[in-house]
Number of protein chains: 2
Amino acid sequence: MKLSERKLKILQAIITDYIETAEPVGSRTLSRKYDLGVSAATIRNEMAELEEDGYLKQLHTSSGRVPSDKAYRLYVDQLMESRILAKIQREALRESLMQKFHEVQNLLKHSAEYLSQLTDYTSIAMAEKTKENRIKHLQLVPVDEERILVVLIMDTGLVKNTLLRIGENLDPRELQKISNLLNHHLQGMEIRQVSQLVIENMQRELYEYRRAIELILMHLQEVVKEVEQIDVFFSGTTNIFNFPEFNDIVKARSFLAMLEEKELIKNLLTLPDQEGLRVSIGRENLYDIAQECSLVTTTYKINNRTIGHLSVIGPTRMDYTKVVSIMLQLNKQLNDLLRDNY
Amino acid sequence: MKLSERKLKILQAIITDYIETAEPVGSRTLSRKYDLGVSAATIRNEMAELEEDGYLKQLHTSSGRVPSDKAYRLYVDQLMESRILAKIQREALRESLMQKFHEVQNLLKHSAEYLSQLTDYTSIAMAEKTKENRIKHLQLVPVDEERILVVLIMDTGLVKNTLLRIGENLDPRELQKISNLLNHHLQGMEIRQVSQLVIENMQRELYEYRRAIELILMHLQEVVKEVEQIDVFFSGTTNIFNFPEFNDIVKARSFLAMLEEKELIKNLLTLPDQEGLRVSIGRENLYDIAQECSLVTTTYKINNRTIGHLSVIGPTRMDYTKVVSIMLQLNKQLNDLLRDNY
DNA sequence: AATTAGCACTCGATTAAAGTGAGTGCTAAT
DNA sequence: ATTAGCACTCACTTTAATCGAGTGCTAATT
């Protein structure tokens with residue numbers, strides 16, 4: 001069942017108008033505001049049919065109509081035309097990203113900040129759990145007589161450093177020796193894979209430091225446990241107050257409460273393994289609280305392993321054109337950066 | 001002008017009741033609910049005088065009365081008796097903090113999480129700018145052929161690591177040599193103090209690596225610039241929806257918007273250089289938007305240098321007794337931890 | 001002299017009723 | 001097939017009426 005050219009035109013006008021005004025749109029407004037070449041009465045008839053087909057919804061008998069999730073889906077898939085960001089804006093973006101690139105862990109976070117500024121919606125940055133990350137390098141750094149700093153570099157660029165109070169007083173040369181041994185045995189492994197056997201092997205090899213080795217490895221296990229917590233960052237959360245759909249305190253509250261549920265956010269962002277950019281609209285989201293929201297999400301990888309997601313979340317009445325354009329741009333720039341640096 | 005015993009008793013009852021119910025309290029409720037030994041009429045007369053003295057406010061002629069900031073101040077300074085946390089709770093807290101202690105940077109953040117959970121208010125963790133931090137140790141770690149990891153340890157326990165793409169291919173021994181040189185010259189200095197002269201000295205000393213040395217130092221300058229941004233973390237922001245005073249969308253919005261103003265938050269938390277615990281009530285805060293809020297703030301130091309602040313923020317009608325008790329406990333535990341580890 | 005009971009009064013909050021207007025569906029004319 | 005016309009619907013706004021917790025004042029009581 002395909003929609004006629006005219007129905008599409010009307011539907012597009014309705015969606016555009018509703019995205020702009022957040023008010024249910026009626027036939028009269030439509031015929032006056034948009035040049036559709038037919039009268040209000042005709043539009044009324046077409047609207048009735050669009051409603052039958054599930055593209056429009058009426059809040060009550062005597063109100064204008066509002067696009068359904070199905071309509072937004074059609075809009076995103078077919079009607080919308082993505083704009084290209086101005087070149088200046090593009091280059092400013094690139095500049096800013098470059099500057100923030102020193103610390104990999106913060107890249108997503110900073111990107112989220114730009115994203116919420118550019119789109120005026122709320123943005124989410126989520127770093128993937130590092131469960132399956134492999135050790136790339138491990139370094140022991142002396143801090144003072146009592147303590148060392150353990151620096152752990154993963155293959156996805158994640159760097160984790162933690163203080164460890166070590167009983168013995170080890171000089172830098174000794175530490176280097178232990179570092180070398182650890183690197184030799186652990187490189188390319190997942191930390192959780194490190195078995196008792198491997199530990200014993202190492203202890204045998206450097207018998208005089210067997211206590212230190214044990215301490216360090218116990219410590220690493222704990223650190224990894226900590227790292228496995230989901231790391232979610234938000235920007236522009238108060239932007240939702242700009243949207244009439246959240247103007248009621250209960251809605252606003254439940255939106256903000258939703259953001260605090262890390263598990264839920266994680267599931268919203270990671271759903272199917274889809275390439276590039278994903279738009280999920282309203283009831284397409286499996287959680288009740290998210291069914292009046294839409295998300296536009298992109299996924300980032302290093303070495304073909306997902307390192308995180310970036311997402312824009314807002315009401316289903318979202319300016320998809322704007323958001324998608326901006327995210328496509330950002331996606332491109334970030335991917336370039338990641339490719340060049342990893 | 002001192003308040004009579006009876007006035008104090010009445011005032012205390014009013015504050016207690018208002019903190020509990022958030023409703024203006026009238027003379028009748030008061031005489032019924034609290035055993036004050038006098039009739040409602042007498043209370044009415046006393047209340048009228050308390051209002052004259054600025055301890056109570058009336059929203060309109062025929063409403064009950066509400067404590068003023070002045071009343072809260074009196075309450076916090078004289079009437080309130082801080083409870084002691086149950087021993088079990090105390091030990092659970094200690095346990096949790098210990099576990100999160102691996103990374104110094106995250107300690108404040110995690111503390112804030114506990115704080116908002118325990119108090120049911122919003123909590124703020126703020127790390128001090130590191131402008132004046134001194135370099136404790138600096139380590140160059142090889143990552144692969146092209147890049148090294150620069151690990152910077154400050155005397156306040158802050159650790160910062162950043163990737164640096166370095167042109168030359170340096171083997172670990174060479175890197176160690178440069179590390180040593182850098183440490184020798186830079187230890188105990190503030191990064192911003194590192195002058196061109198120092199750099200030239202080092203370059204002369206290790207002439208063959210002069211390019212690497214320059215690169216690293218340029219890089220450090222940039223990193224420090226980045227670190228100087230204020231780092232603020234919140235927990236339990238949606239708790240404010242539990243308070244009737246923020247039940248109106250405009251108030252809730254402006255509260256949340258206030259939190260997003262990092263500069264403002266910084267000024268709220270750092271005001272006077274006061275030891276221990278500080279309570280600032282309503283209009284005592286210099287910013288308009290914060291004048292309906294109270295903050296309870298503690299400051300943390302390492303080596304007598306401030307490393308950060310922890311704060312609980314909520315309506316002036318805050319359960320000061322609860323919040324202050326909890327914060328005193330946490331403060332003690334954290335200080336113990338910091339003393340033992342730094 | 002201090003305390004208390006009694007009472008008229010105030011004023012925000014709640015409820016009820018009336019009025020408004022944008023939008024619809026249907027019918028008949030074009 | 002399209003459009004003008006019209007009666008009808010229903011959320012939203014406005015106005016009026018009522019309610020009730022709380023006060024201040026006065027006169028009686030301790």
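Sequence lines set the chain letters: A, B, ... in the order given, protein chains first and strands last, and positions in each chain run from 1.
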Next on the checklist: Between S123(B) and Y114(B), is there a side-chain donor-acceptor contact under 3.5 Å, judged purely by atom types and distance?
Outcome noted: no
Checklist entry - Should K322(B) and D120(B) count as an ion pair when the cut-off is N to O under 4.0 Å? => result yes
Item to check | Atom-to-atom span, CD1 of I43(A) to C1' of dA22(C) - whole angstrom | outcome: 15 Å
Item to check | 5′-ward residue of the pair T61(B)/V38(A) relative to DNA chain D | outcome: V38(A)
Checklist entry - To the nearest 0.5 Å, how far apart are CE in M47(A) and CZ in R65(A)? => result 5.0 Å
Item to check | Flag if over 12 foreign heavy atoms under 6.0 Å of CZ, R90(B) | outcome: yes
Next on the checklist: Can you work out whether N45(B) or L59(B) has the more 5'-proximal nearest nucleotide on DNA chain C?
Outcome noted: N45(B)
Checklist entry - For dT23(D), which nucleotide in any strand shown is its Watson-Crick or wobble partner with both distances under 3.5 Å? => result dA8(C)
Item to check | For atom CD of E23(A) and atom P of dG21(C), their distance in whole Å | outcome: 16 Å
Next on the checklist: Any base atoms under 4.0 Å from R65(B), or only sugar-phosphate, or nothing? Heavy atoms, all strands.
Outcome noted: sugar-phosphate
Next on the checklist: My understanding is that only one of I43(A), I10(A), I14(A) makes a side-chain contact (heavy atoms from CB on, under 4.5 Å) with S27(A); could you say which?
Outcome noted: I43(A)
Item to check | Charged tip of K70(B) within 45° of Y55(B) ring normal and under 6.0 Å | outcome: yes
Item to check | Between dA2(C) (P) and E49(B) (CD): distance, integer Å | outcome: 11 Å
Checklist entry - Once you round it to whole Å, what is the distance between P of dA22(C) and CD of Q58(A)? => result 17 Å
Item to check | chain A footprint on DNA chain D, 5' to 3' - any atom under 4.0 Å from a heavy atom | outcome: dT2(D) to dA11(D)
Checklist entry - dG23(C) P sits how many Å from Y18(A) OH, rounded? => result 14 Å
Item to check | Polar contact flag, side-chain donor to acceptor under 3.5 angstrom, D319(B)-Y121(B) | outcome: no
Checklist outcome for this item: Contacts of T42(B) and H60(B) projected onto DNA chain C by closest heavy atom; the upstream (5') one is T42(B)
Next on the checklist: Could you identify the nucleotide paired to dA29(C), looking across every strand shown and requiring Watson-Crick or G-U wobble geometry with both distances under 3.5 Å?
Outcome noted: dT2(D)
